[in-house]
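A quick write-up on the structure given underneath.
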There are 2 protein chains.
Amino acid sequence: MTDPLEPISRRSTAAIVADRIRAAIMRGTFPPGTQLGEVDLAQRLGVSRGPLREAMQRLVAEGLLRSERHRGLFVRDLDAADVRDVYTARTAVERAAALLLLAAPDRAPAVARLTTAIAAMEAAVAAGDAVALADADHEFHAELVAASGSPRLHRMSRTLLVETRMCLAALQQNPPPPESLLAEHRLLRDALEQGDATRMTAVLEAHMADAVSRILDVTLVDPAAGESGEAPALPA
Amino acid sequence: MTDPLEPISRRSTAAIVADRIRAAIMRGTFPPGTQLGEVDLAQRLGVSRGPLREAMQRLVAEGLLRSERHRGLFVRDLDAADVRDVYTARTAVERAAALLLLAAPDRAPAVARLTTAIAAMEAAVAAGDAVALADADHEFHAELVAASGSPRLHRMSRTLLVETRMCLAALQQNPPPPESLLAEHRLLRDALEQGDATRMTAVLEAHMADAVSRILDVTLVDPAAGESGEAPALPA
DNA sequence: GGTTGTACGGTTGTCGACAATCGCATTGGG
DNA sequence: CCCAATGCGATTGTCGACAACCGTACAACC
C-alpha cells in the first residue's frame, strides 16, 4: 500500500508536537479551561520550549487554544454559541465536500470507506463502547471530507472535528442514542451512493441540526437552574 | 468608534508579525515561491527569530507558507487545482455566511456595509484603479462573512481571501472586466437584501464559477504552448 | 567524459538563560 | 474586621549562540 521508498519526509518537530497536543485535547486529556504550562509540557514531550511554543501558535491559529499575554495558554472552553458555530461551519464544509464527491467521476472507493466507518460504528454499538463509537463517527466525517480531495476543506474539517470532540467530551455523561446516530450515517452514505444531491444535503443538515440540538438540550437540562438562556459552559 | 479605553490588549508579537507577513504576501511583496530567510526578516521587523518562527508556524498552519526541513520557508505557489480549491472552499464558507445572515433578525447593517464596499468598487472602477478595485472586492467578501457573526467562518474566510489575492496577483496583468464584476456584487447584495436564499446561493455560485473560469482561462491562454492541461504556475 | 567523493557556505533546528509581567499571599493601616 | 499596598513566586516573552543539516561547487577517480 504505502511505498516503502522515497518520500520519507520527516515532519518538523513542531508539527509532531502540535499533533500530540491536538490529540490530547481531542481525547479529553486536557479538559477545556486547563492551563498548559510550557516548561512542564516541554520536558514531558522531551523537547525545548522553542518548538513547543511554535506548536502552540499553530493550535492558537486553529482556535483550539486561547493565549493571554503573560498569563499562559488555556484550552478553549466552548459555550452554546460555539457549539452552534462549530456545527454551522461543519455543515458548510461537509456539504461542500459531499457535493465535490458527487461530482467526482468515481465515488465507489469513498462509499466503501464510509461503509467501513459505519461498520466500525456498528461494532462499537454492539460492544457498548461509547468512545469507539465517537471515534468511528469522527472517522466517518473525516473520510467524507478527505475523499473530496480538497486540501482546504480537509484542513478546516480537521480542526472542526477536534472541536466537535471537545464539545462531546464536555457532555460525555449523556451519550446520544446509538440507533438514530447509526441510521443518520447510513442515510448519508446511501444518499451519497445514489448520487442524490438534494437528499444528501437535506440529510446532512438534519444530521448536524440533530447533533447541535442534542448537545444544547442536554446542557440546558442539566443545571436545572436555567433562567438565562446561556449555556452553563461558562463557569468563569 | 473605537473605545480609547481599556481593551488595549496588546496582541502578541507573533500575531503582529504574522499579520505583517500575511499582508505582505497578499500585497504581492513576496511573490509565490520566494524563500523567506529568517534572520533577514527578523532583523527587518526588529524582532528576534523566536517570535518570527512562531508567526511562520501560524502561516504554515494556514497554508500560506510551505516549510521544508532545513531548506527554509517558501511562499506557496498555487496551481490550477489550488485555484479551484480556493474557490470551492470560498463558496462553501460564503454561502454558509450568507445563509446565516438571512436567518439573522436584522440584516440591514450588513447590507449597508456591503453597499459601502460596492461604492468603493464603483469609485475604483471610475478611477481605473485595479488595486483599489481588488481591495474593495476583498472588503466586500470579508464584510459578508464578518457580518454573519461566525468566528470560524470568519477565520477560514480570512485565509481564503489572502489566497485569492495571491491568485489574482499572479495574473494581475489581465484584470477582469469591471462592469460584470460590479454587477455580480450588486446582484449578491440585492439578493441578500430581499432575503431570497435560493437566488442568493445561485448568484454566489455563479460569481465564484465566473472568477475561477476567468483565472484559469487566462492562465491557459497565456503560455500558448499548452499541451498538458496543467496550469503554468509550476515552473519547477 | 561521466561519476563519485569531499569541503564549504548558508540555512534551519534547538537549546539555555535573562528580563518583563502577572497573580497571589502577606502585612500594615483605617 | 475589612481594605489597600507591597513583596514574592511563577510563568511567559525574548534573545543570542551552538549544533545539525542541506545544497552546491570543486576536485579526484574510474
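Labels below follow one simple rule: chain letters A, B, ... track the order of the sequence lines, proteins then strands, and each chain is numbered from 1. The figures that follow rest on heavy atoms only: side chains count, while hydrogens, waters and symmetry mates do not.
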Protein-nucleotide distance (L36(A), atom CG; dG13(D), atom P), rounded to Å: 13 Å

Do E163(B) and R90(B) meet the salt-bridge criterion of a basic N to acidic O distance under 4.0 Å? no

L73(A) atom CG is separated from dA10(D) atom P, nearest whole Å, by 19 Å

Between P on dG13(D) and CG on L52(B), what's the gap in Å once rounded to a whole number? 16 Å

Between H207(B) and H141(B), what is the ring plane arrangement, given parallel below 30°, perpendicular above 60°, and tilted in between? parallel

Are the side chain of S157(A) and the backbone N or O of L153(A) linked by a donor-acceptor pair below 3.5 Å? no

Calculate the interatomic distance between E38(A) atom CD and dC22(C) atom P; express it in whole Å. 16 Å

Any sub-3.5 Å donor-acceptor pair from T29(B)'s side-chain atoms to I25(B)'s backbone N or O? no

With a 3.5 Å distance limit and no angle check, can you tell me whether Q35(A) reaches the backbone of R71(A) through a side-chain donor-acceptor pair? yes

Can you check the M56(A) CE to dG13(D) P distance for me, whole Å? 11 Å

Is M166(B) close to L78(B) at the side-chain level, that is, under 4.5 Å between some pair of heavy atoms? yes

Between protein and nucleotides 14-20 of chain D, map the contacts as a letter string: B base, S sugar-phosphate only, - none, heavy atoms under 4.0 Å, written 5' to 3'. BB-B---

